[in-house]
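See below for the structure under consideration.
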Amino acid sequence: MWAVDLQVMLVVGLLVMLQVQQSLQLRSSHPMHGVVDKINENAGPYIGLVMTFPTEELALIDSAFFVPSSEIPWVDLAGRRFNIGTIKGEDVIYVMTGEQTVNAGITVQILLDTFDIIGIVHYGIAGSSNDSLYIGDVIVPNYVAYTGSWTWKEFRSAEENITELKFGNFNFPEKGENLLAMIDFTPQQLYSVGKPMEEVFWLPIDPKLFNIASELQDVKLKHCVNETYCLPETPKVVYGLRGSTADIYLDNAAYKEFLFKAFNVSTVDEESAAIVMTSLSNGVPCIVFRGVSDYAGGEGLLSSTSLTYLAAVNALSVAVEFIGLFGEVAPRPLKVDTI
């Protein structure tokens, strides 16, 4: 008898914990509290699809891959619109973060705090710092770093580091001393569930998601800008390179060459590291797809405006195919129906 009662108490306790966990996703006084609870109850767990600015969202809208929910198609939280629906039959919530790291990190944290998310898929455009990459290529990095955090050193500082940027080396027409001296790139403080804070420079992409993405080498990518002009090189999916993030739009050939030589980074953007770090802090796997839209200050064939959409479409194409594969193997926790 006591054993039966204990089992009943355990089951009831688990049900209460599940209900409390759901109810804590938004405070009870929040006007969207009930709506969010319905979204989490009606479907999911969801794949979080994240992009950063309007052209990338437009590529998704134009593609018709995303099918909005017929019951609750979207909810607005903290000025961001979280869109609920499916892609390739998989439950997805997509959101546009806004540009640069603060917007990206805040938005992903809201997404993870509010909804039942099993993985983050991030796609967008990037500049290339690697001369072997071409416009339209899609990069799937295995590491990203935030390269916008510096220690600015004194003029004629005695300390030297292999990854320091010495401004005097870029004097023109000849190298020499420069009163701006040098900067040293610094690591980030990563806080994560169940672990002490650690200082890291390279943020790893989830290896399981990266392995799934490696099956997408044959995805057909957009090759032509319009009816009269096609790219000289056929776009391809490239794996295992390194990406960098900073709150800087990079349009300088000398600096992009420095980044490639010092850190072996192949792409530059303004959000990826923030999205990956936020995912790591919450213990949620994340994958990044970035389409090359420009040469970050190098010579280009066309204006970046005419190439941005093509790069966004190509990154989206790979991300969508990934969602289909990930949905087949993603763990699905057992849902308990409440009475």
Side-chain angles (χ1 to χ4, degrees), residues 50-59 96-104 122-150 163 165 170 183 185 201-203 205 221-223 225 231-276 287-319:
V50 177
M51 73 286 297
T52 64
F53 81 112
T55 301
E56 295 164 349
E57 182 182 29
L58 181 62
M96 184 178 67
T97 68
E99 297 179 44
Q100 301 193 333
T101 56
V102 172
N103 277 326
H122 169 47
Y123 78 92
I125 63 169
S128 169
S129 54
N130 183 338
D131 290 341
S132 69
L133 300 177
Y134 298 96
I135 300 297
D137 288 350
V138 176
I139 312 308
V140 189
N142 55 357
Y143 288 94
V144 296
Y146 182 68
T147 54
S149 179
W150 309 329
T163 57
L165 189 159
F170 296 88
I183 57 175
F185 293 78
F201 187 79
W202 293 108
L203 300 168
I205 298 299
L221 301 177
K222 187 176 176 66
H223 185 203
V225 176
L231 298 172
E233 301 288 338
T234 301
K236 58 189 179 298
V237 184
V238 184
Y239 297 89
L241 302 181
R242 298 190 174 210
S244 69
T245 293
D247 290 316
I248 303 164
Y249 178 78
L250 181 52
D251 190 21
N252 183 278
Y255 187 59
K256 83 154 190 174
E257 289 171 7
F258 167 83
L259 287 176
F260 180 71
K261 290 178 181 178
F263 300 108
N264 197 30
V265 296
S266 294
T267 58
V268 292
D269 65 59
E270 300 177 54
E271 299 88 14
S272 292
I275 292 169
V276 173
I287 188 80
V288 174
F289 303 99
R290 285 279 183 166
V292 175
S293 63
D294 63 87
Y295 293 117
E299 295 183 3
L301 298 172
L302 297 173
S303 68
S304 59
T305 302
S306 63
L307 299 170
T308 297
Y309 184 77
L310 180 146
V313 167
N314 282 355
L316 170 67
S317 296
V318 183

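Residue indices begin at 1 and follow the sequence shown. Since the structure is predicted, the reported quantities are computational estimates derived from the model, not experimental observations.
With sequence neighbours left out, the side chain to side chain contact (heavy atoms under 4.5 Å, CB included) criterion links Q100 to D247, E270. Checked against side chain to side chain contact (heavy atoms under 4.5 Å, CB included), P141 has the following partners two or more places apart in sequence or in another chain: I139, V144, V288.
Remark: T245 OG1 to I275 CD1 distance equals 8.0 Å, nearest 0.5 Å. If you take NE2 on H122 and CD1 on I287, they are separated by 11.0 Å, rounding to the nearest 0.5 Å. Residue D251 holds its CG atom at 7.5 Å from CG of D294, rounded to the nearest 0.5 Å. If you take CZ on F260 and OG on S244, they are separated by 12.0 Å, rounding to the nearest 0.5 Å. The line from CZ of R242 to CG of L259 is 13.5 Å long, rounded to the nearest 0.5 Å. Here the OG1 atom belonging to T101 is positioned 4.5 Å from the OH atom belonging to Y146, to the nearest 0.5 angstrom.
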> Run the side chain to side chain contact (heavy atoms under 4.5 Å, CB included) check on L307 and L231 step by step: do they pass?
Replying inline: CA-CA 10 Å; L307 299 170; L231 298 172; 4.2 Å; yes

> Run the side chain to side chain contact (heavy atoms under 4.5 Å, CB included) check on L241 and L133 step by step: do they pass?
Replying inline: CA-CA 11 Å; L241 302 181; L133 300 177; 4.0 Å; yes

>> side chain to side chain contact (heavy atoms under 4.5 Å, CB included), that's the test. Do F170 and Y255 meet it? Break it down for me.
In response: CA-CA 9 Å; F170 296 88; Y255 187 59; over 6 Å; no

>> As a quick check of understanding, evaluate side chain to side chain contact (heavy atoms under 4.5 Å, CB included) for F53 and E56, giving each step before the final call.
In response: CA-CA 6 Å; F53 81 112; E56 295 164 349; 3.3 Å; yes

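Smallest separation of non-hydrogen atoms from S293 and I125: OG-CD1, 3.7 Å. Among all heavy-atom pairs drawn from V276 and I205, the shortest one is CG2-CD1, 3.8 Å. V237 and V318 make their closest contact through CG2-CG2, 3.9 Å (heavy atoms, listed as atom of the first residue, atom of the second, distance). Among all heavy-atom pairs drawn from G291 and A315, the shortest one is N-CB, 3.7 Å. Taking every heavy atom of both residues into account, P235 and H223 meet most closely at CD-CD2, 3.6 Å. Here the closest non-hydrogen pair linking V268 and A296 is CG2-CB, 3.9 Å.
Within the structure, the side-chain hydrogen bond (donor to acceptor under 3.5 Å, both in side chains) test picks out the following pairs touching residues 130-143 (sequence neighbours left out): N130-S132, N130-S266, D137-K236.
Using bins of under 30°, 30° to 60° and over 60° for the plane-to-plane angle, the ring pair F258/F185 lands in the parallel bin.
Here the side chain of K256 pairs no donor or acceptor atom with the backbone of L250 at under 3.5 angstrom. E233 contributes no side-chain N or O that, together with a main-chain N or O of I135, makes up a donor-acceptor pair within less than 3.5 Å.
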